[in-house]
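Scroll down for the structure; my scribbles are underneath it.
Basis for what follows: all heavy atoms, side chains included, without hydrogens, waters or symmetry-related copies. Lettering follows sequence order; numbering is per chain, from 1.
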Amino acid sequence: MVKFLSEEWIEIGKKYMIEKLDPVKDLKSITTSLLGVVEHIPPDDSTMNFYLELEGGKLKDFIVNTGYTFEEKEAAYEIKGNYGTYKSVLKGEMSLGIAVLKNRLKVKGSKMAALKLIKPLDGVIVSLQEITDEFEE
Amino acid sequence: MTSDNVLVMEKTSFKDAVTIAKKGTHCGMCRFDFLGSGVCPAGRKHGFLAYWPQGRMEIVKQLDSGRVKPTEKLKDIVNSCNLCGICDKQCNFITQLRPEKVAGALKEYVDSLDESEIQHVPEDDILHGLREIVGDDWATNDPIIISAYTMTILPPDNKLNYYVVMPENTEQISKIVKFANKNNVPYLPRSGGTAFSAAAPTVLVKGLSLEQGIIIDLYRLRNLEIHPDSQTATIGAGITMFELQKEALNHKLRALAAEAGAHVCSNILTTGIISTWGNKYGAFADNFIDLTTVDDEGNIKKHSDWERNNPYSTEPGFTNLSLTPSVIVTEAVVKLHPVFDDEEAVLVPFDNIRDAFRLLIKLGKRDVGLSLAVLSRKYLAEFLSPTIQISKDFDYVCKNYLKLNYVVAVICDQNDKKIVEDMVNCTIDQSLMKSLILGAPRFSKLRDSEFLKILSEEEDPLKAIFAGPMRKHLEKALDPSPEQVSKVFDEDLQDFFKKVYSKPEMTDIVWLHAFRILPTRMMRQQMFMGPGGAMWTGDEDHYLNWIQMFADMGDKLDVEHSLGFISPLDHGKFAYMEYDYYYDHNDPEERNKISKITVDSMEQSLVMGKVLTILNYLYKGIYRKEHVLYPIAKGISEEEQELFKELLGTVLGEEI
C-alpha cells in the first residue's frame with residue numbers, strides 16, 4: 001500500500017496491472033493513452049499528472065510527472081480534476097463515470113469517445129484502488 | 001366542511017406532525033408571496049431552508065427517523081417561528097397541508113428536551129474559511145440545518161457531512177469555489193430546489209445530488225431590476241419566476257414563464273426554461289441578453305465578454321450528458337415581452353390526442369398564439385381543483401361523461417383567437433373557465449347525475465356542453481362563486497380563501513398561465529417524475545408512438561400516469577412533451593418503479609430517434625437552442641444502446 005502519485009505507486013501499479021489484469025477480459029484489448037491531470041494537491045496546492053498507455057489491452061507505459069503537461073508523450077485523451085476527486089475515485093467512493101458526468105473530471109476531446117473507455121478503465125481503477133491507501137490531507 | 005386531509009385537533013402530536021411532513025414535496029411555494037398574504041418572516045430573515053416551512057417539515061422527518069439529533073440551532077429555528085400562520089394559507093391552497101401544525105409540534109418537542117439531549121456541533125477549518133468569506137451568520141455545518149436540504153439537494157440516506165453557505169454576491173461565490181477547490185471539497189449550488197426535489201427521491205439521486213461538501217444556497221442573490229426601455233430585467237440567482245413576473249407585469253411586460261417557484265437563473269441553466277410560451281418567446285439562449293457566471297475554477301465571466309470563446313455551443317450526441325451544471329449563473333439579464341390589452345385564453349377540447357396534437361402543431365407552425373400547449377385531462381383537473389378529491393372527481397366527470405381528455409390551451413390576441421375559433425367546432429372561453437374554477441366543487445359533484453348521463457348520450461358531448469344549449473345549464477349547475485369554492489377548505493381558512501378567489505387574477509386564465517401557481521398542485525402530498533423531452537414534429541405517428549411508449553411503461557409497472565403537456569418550439573418544428581408518473585416519494589418500492597421507468601423510457605426514446613430526452617438537455621440551457629436541438633438525433637444503434645446502458649449502469653450502480 002502506497003501513496004497516491006508517488007514513484008512507488010507507479011511501480012507497484014504497473015506490476016499489479018500486468019500481473020492481475022487480463023488484457024482481453026479486463027481491458028477489452030483497448031489501445032489508447034490517457035493523461036490524467038491532478039490539481040490542487042495538498043499541502044501546497046500543486047499540480048501533477050500521470051500518463052497511462054495501453055496497447056491491445058497491455059500496459060505499455062505508466063509515468064507520473066509534475067505540472068499540467070507531459071511533453072514527451074501526446075495522449076489521446078486528457079482528464080483533469082481536483083485531487084479530492086481522484087481521491088474519491090481511488091477510494092471507491094465515486095465511479096469514474098459519475099465523476100465525468102458530474103463534471104468533476106473534465107474530459108478534453110470527445111466525451112462520447114472518452115465514455116467508451118470507462119468500462120475498460122474501471123479495471124485499471126480497481127488495480128490502483130488495491131494499491132493506494134495514503135493521500136495528502 | 002373540511003378538505004381531504006386535515007388534522008382538526010388543537011394541538012398536533014409529534015407523530016401526526018411526521019405524517020403531515022412526509023406528505024411535503026419541497027415544492028418551495030412557501031418561499032414567495034403568491035397569495036398576497038406575506039411570506040414566512042423567519043425564512044426571509046435567516047435564509048437557510050431550515051427556517052422556512054418546508055425545511056421545518058423536513059427536520060421533523062429527519063428527527064423522527066433518528067438521522068439527526070437536536071442541536072442548539074434547532075432551538076433557534078423553533079424560536080424564530082411565531083406561528084403566524086402564513087405558511088398554512090399558502091400550503092393549504094396548493095397541497096391542503098398545514099405546516100403550522102408541524103411547526104407547533106416541533107416547538108413542543110424542543111420545549112420537552114433536556115439540555116443533555118442537545119448535541120454540540122464542533123466547528124472546523126472549512127467552516128471558518130467559509131465564514132471569512134460570507135460572515136458568521138451565513139455559513140454553518142449544523143446537522144439540523146443541513147438536514148432540511150434532504151430530498152432536494154441531499155440524498156435521503158447520506159451522512160450529514162456537509163456545510164451550507166449563503167453568499168450574497170458573485171464575488172463571494174467566486175471565493176467559495178476557489179476555497180472549495182483549494183481544500184478539495186465538492187460543492188453544488190442550490191436555488192429553488194424544484195428540479196432537485198423531483199429527482200432526489202429517485203434514480204437520479206446519485207448523479208444529481210451532492211454526496212458531501214458545500215451546499216451553496218443562492219437565495220440571498222435578490223437583485224431584481226426591470227428595464228422598461230429595453231424590455232429586459234436584471235435578476236439575481238435568488239429570484240423566483242413569480243417574483244420576476246410580478247415586477248414585469250407592473251410595466252406591462254412578461255417573462256418566459258416556467259414554474260412559479262423555480263429560480264429564474266437556475267431554470268435558464270438547467271433546461272433553458274421549458275414553457276408553453278416557448279414557441280413565441282424562445283428557449284435556451286433565446287431567453288437572455290447576458291449572463292454572469294462563476295466557472296469551476298472560480299472565474300467570473302459574462303457571456304457578453306466579446307473576447308471569450310463561444311459560450312453558446314455544446315457537443316452534440318446522446319452521451320453528452322451532464323449531471324451537474326458547468327457554471328453557476330449568479331445573475332442574468334433576461335428578455336421581457338409585451339403584454340397586450342386584448343389577450344385572452346381559448347381552450348379547445350378534444351377526446352383524442354391525435355386531433356389535439358395536429359391542431360397544436362398547425363398553430364405552432366403558423367406562429368398563432370403567445371402560449372400554446374396540449375394539456376391532459378389530469379393536468380386540467382389538478383390545476384382547477386382546490387382539493388385532491390375534487391380533482392379526482394373532476395377527472396372522472398371529464399373522462400366518463402364529457403369525453404374531455406385533452407385541451408389545446410391558447411393564450412392569444414383577438415386576431416389569433418378568431419383564427420383558432422375558425423379552425424375548430426367549439427371552444428371553452430375565459431368565462432366558462434372562470435365558472436369551472438369557482439364551481440369546481442359543484443362540477444365534481446355532478447358525477448353520476450342525470451344531467452351528465454343525458455349529456456354523455458349526445459353524439460358529441462364536448463360540442464353539446466361547450467357550444468350547445470347545455471352550456472347554460474352547466475353554468476347554472478356550477479353556481480360559481482368565491483363563497484362556494486372557499487367552503488371546501490378548512491373552516492378557519494375559509495374567509496381567507498374567499499378573499500383569494502375574489503381576486504380577478506385567480507380566475508384569469510391568462511394571468512394563471514403566466515404566473516403558474518396552480519401547476520404545483522400536481523405535487524400535493526405526492527411526488528411526480530416527468531420524463532420526456534423534445535421531439536421533431538415532422539412525423540405525427542412517430543410522435544404519438546413516443547407518447548404511447550410512456551403510457552405503456554406506466555401500465556406495465558402499475559404506476560399512476562398521465563400525459564402532462566405538449567408544447568411547440570422553434571415555430572412548431574419541435575415539441576416538448578412531459579409525461580408524468582405519480583408516486584409516494586416515501587415508499588422505496590414506488591421509487592424503484594419510477595427509477596426503472598425513467599431509465600427505460602430514456603433508452604427507448606433514444607432508440608426511437610428524432611428526440612432529445614430531458615436528460616440530454618439537462619444543464620444545457622445556456623447554449624443556443626440550435627446547438628442543442630440540431631442535428632436531429634438519429635435512433636441509436638445496438639452498439640450505442642449497449643454503451644448507454646453501461647453508462648447509466650456506471651452512474652446508477654445497483655439502483656436499477
A:Phe62 and A:Trp9 aromatic centres sub-6.0 Å: yes

Do B:Tyr312 and B:His303 have their ring centres less than 6.0 Å from each other? yes

Please flag which part of A:Asn82 lies under 4.5 Å from any non-hydrogen atom of chain B: side chain, backbone, both or neither. both

In terms of heavy-atom contacts, does CD of A:Glu74 have more than 12 from other residues, nucleotides or ligands at under 6.0 Å? no

Contact part of B:Asn183 toward chain A, heavy-atom cut-off under 4.5 Å: side chain, backbone, both or neither? neither

Under 4.5 Å from a heavy atom of chain B, the part of A:Glu39 involved: both

Tell me, for A:Lys106 versus chain B, whether the close heavy atoms (under 4.5 Å) come from the side chain, the backbone, both or neither. side chain

Which residue is it: B:Glu603, B:Glu638, B:Glu640, B:Glu639? I am looking for the one with a salt bridge (charged side-chain N to carboxylate O under 4.0 Å, His left out) to B:Lys645. B:Glu603

Based on non-hydrogen pairs under 4.5 Å, which of B:Leu208, B:Val185, B:Thr324 is most in contact with chain A? B:Thr324

Under 4.5 Å heavy-atom distance to chain A, tell me which part of B:Glu297 shows up: side chain, backbone, both or neither. side chain

Take the angle between the ring planes of A:Tyr86 and A:Phe50 and call it parallel below 30°, perpendicular above 60°, tilted in between. perpendicular

